[in-house]
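In what follows, a structure is listed as structure tokens, so that the remarks can point back to it.
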Amino acid sequence: MMKEQIQELSQKIFKDVVANRRHLHANPELSFHEVATSAYVASKLDELNIPYVRMADNGIVGLLKGNKPSDQVVALRADMDALPITEANDVPYKSQNTGVMHACGHDVHTSSLLGTATILTSLKDQFGGTVKLIFQPAEEKLPGGANLMIQEGVLENPKPQAVLGQHVMPLIDAGKVGFRAGKYMASTDEIYVTVKGKGGHGAQPQQNIDPVIITAHILTALQQVVSRFADPKSPSVLSFGKVIANGATNIIPNEVYLEGTFRTMDEKWRSEAHIRMKKMAEGIAESMGGSCEFNIMRGYPFLINEEKLTASVRGYAEDYLGKENVLDLDIWMAAEDFAYYSQVADACFYRLGTRNESRGITSAVHTPTFDVEESALTVSTGLMAYMALKQLGN
Ligand SMILES: [Zn+2]
Ligand SMILES: [Zn+2]
């Protein structure tokens, strides 16, 4: 009964959800600058008579209570920020903010959560429990909006028993969703290294300390942290995408600058790896007569989908969409700040299919041609409403 009602409501509000998505898409704002987006969300919550508080500057937390008695609480999270990318799509809702684009689908997440809130508001008399609506800023930039909101108490008063979040996935067809129980996404740390030597004429290596050859040793040796020290059962990735030795054919530079990323799925190993990498790099540089400044900027933790919760909500999704429309996801070594919720609460982060090959909607997130098949916006609103109510015991 409730399922059919939600499905009907998701069709009924579809046009409005698309309009909200297009408004947000045309007016994207960068991480920590979601001022107009936040005001837009607040105005929509006002229309729905949903009380809310502000958190982490542009964050908004709404509380939607069912009229039946229940002390259960579930939190639903949407992120609101866009990326520094110039949109290449020629669409009526193209970004009006040059150089900024909703290329990660956060416009979809935000408009969908507003849609879910609209559905749940219509059903208020029929359910018990509290739905916490988390509109979060700054997913794309460290230290991450999730981190700040948790510090400001988003998971307290009332404390949710479960936190659910969805993210667009252009690899999955619109109409389908994907789940993975357990470890799903990686922690991510940024590495900045300066290898110092003593530059000079390329013809006189005996009078110089060559930071280029030191760097070559460091880069090769550091891969052994991954291949020899990491537990093979737990994935680790170390990649250096920036190596600058600004000498010439006959000039040995004074220093070499490197940037890289380290990703894994185990917090204890993550900290141990940091120490090993630093020690190894500094030791090699020193043994070759140079020195090395090895800095790691800690990023998001790894994301874990709590097993029991994920099994439950996956079941609700099969019930709502049909078994054939619910897929299993592989682990993904990208990072996501929803991971912070998953580290301190029972959480599940699932994927919303937004692909439509026949319309050419296949571009990856974080690219200038990213777009979504908007029919997915019936799934994104209704499914989340259904899962929330089921999880609350309705
Ligand atoms: Zn992103
Ligand atoms: Zn994203």
Side-chain angles (χ1 to χ4, degrees), residues 21 24-25 27-34 37-38 41 56 58-59 76-89 95 97 99-114 134-149 163-172 174 177-180 184-190 237 241 261 263 299-305 329-342 347-355 361-374 376-377 379-380 384:
R21 183 258 161 168
L24 295 170
H25 191 88
N27 298 282
E29 294 174 297
L30 290 173
S31 312
F32 297 107
H33 297 278
E34 309 87 344
T37 306
S38 175
V41 168
N58 298 323
L76 309 177
R77 175 272 207 168
D79 42 11
M80 304 188 288
D81 55 328
L83 288 160
I85 292 177
T86 301
E87 177 154 22
N89 295 315
S95 169
N97 187 359
V100 184
M101 178 189 174
H102 268 298
C104 202
H106 299 186
D107 52 338
V108 172
H109 310 157
T110 298
S111 55
S112 295
L113 188 53
L114 286 171
I134 304 177
F135 294 91
Q136 182 211 298
E139 189 284 322
E140 298 282 4
K141 199 167 182 183
L142 296 180
N147 189 19
L148 300 175
M149 289 188 90
V163 186
L164 306 179
Q166 64 183 333
H167 201 292
V168 298
M169 173 61 109
L171 291 174
I172 298 177
V177 293
F179 287 86
R180 183 180 183 86
Y184 173 44
M185 292 176 73
S187 62
T188 176
D189 300 310
E190 296 175 2
V237 172
T261 180
R263 290 153 191 258
Y300 302 156
F302 74 92
L303 191 155
I304 185 158
N305 287 324
L329 298 169
D330 209 346
I331 62 164
W332 205 37
M333 294 305 280
E336 158 67 53
D337 84 343
F338 186 85
Y340 280 109
Y341 303 108
S342 83
C348 178
F349 190 65
Y350 62 95
R351 293 281 165 180
L352 174 76
T354 53
R355 183 185 188 87
I361 300 173
T362 57
S363 288
V365 291
H366 291 218
T367 67
T369 52
F370 172 76
D371 201 357
V372 301
E373 166 54 51
E374 287 177 327
L377 290 163
V379 175
S380 61
M384 207 179 227

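Along the sequence shown, the residues carry numbers beginning at 1. Side chains are part of it too, since the values below use all heavy atoms of this structure and drop only hydrogens, waters and symmetry mates. Every number for a ligand or one of its atoms is a count from 1 in the order of the listing. Everything quoted here is computed from the prediction, not taken from an experiment.
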message: Taking Arg351 first and then Asp330, would you say they form a salt bridge - that is, a charged N and a carboxylate O separated by under 4.0 Å?
response: no
- request: State which residue, out of Ile361, Thr362, Asn89, fulfils the side chain to side chain contact (heavy atoms under 4.5 Å, CB included) condition with Thr369.
  value: Asn89
message: Report whether any nitrogen, oxygen or sulfur of His109 sits less than 2.8 Å from the Zn ion (ligand 2) (N, O or S, backbone or side chain).
response: no
field: For the student: nearest non-hydrogen atoms of Met169 and Leu329, plus distance
entry: CE-CD2, 4.5 Å
- line: Of all the N, O or S atoms in Glu140, the one nearest to the Zn ion (ligand 1) is OE2
- prompt: Taking the Zn ion (ligand 1) as the vertex, how big is the angle to SG in Cys104 and NE2 in His366, rounded to 10°?
  reply: 100°
- prompt: When Ser112 is tested against each of Leu377, Val379, Leu76, Asp107 for side chain to side chain contact (heavy atoms under 4.5 Å, CB included), which residue passes?
  reply: Leu377
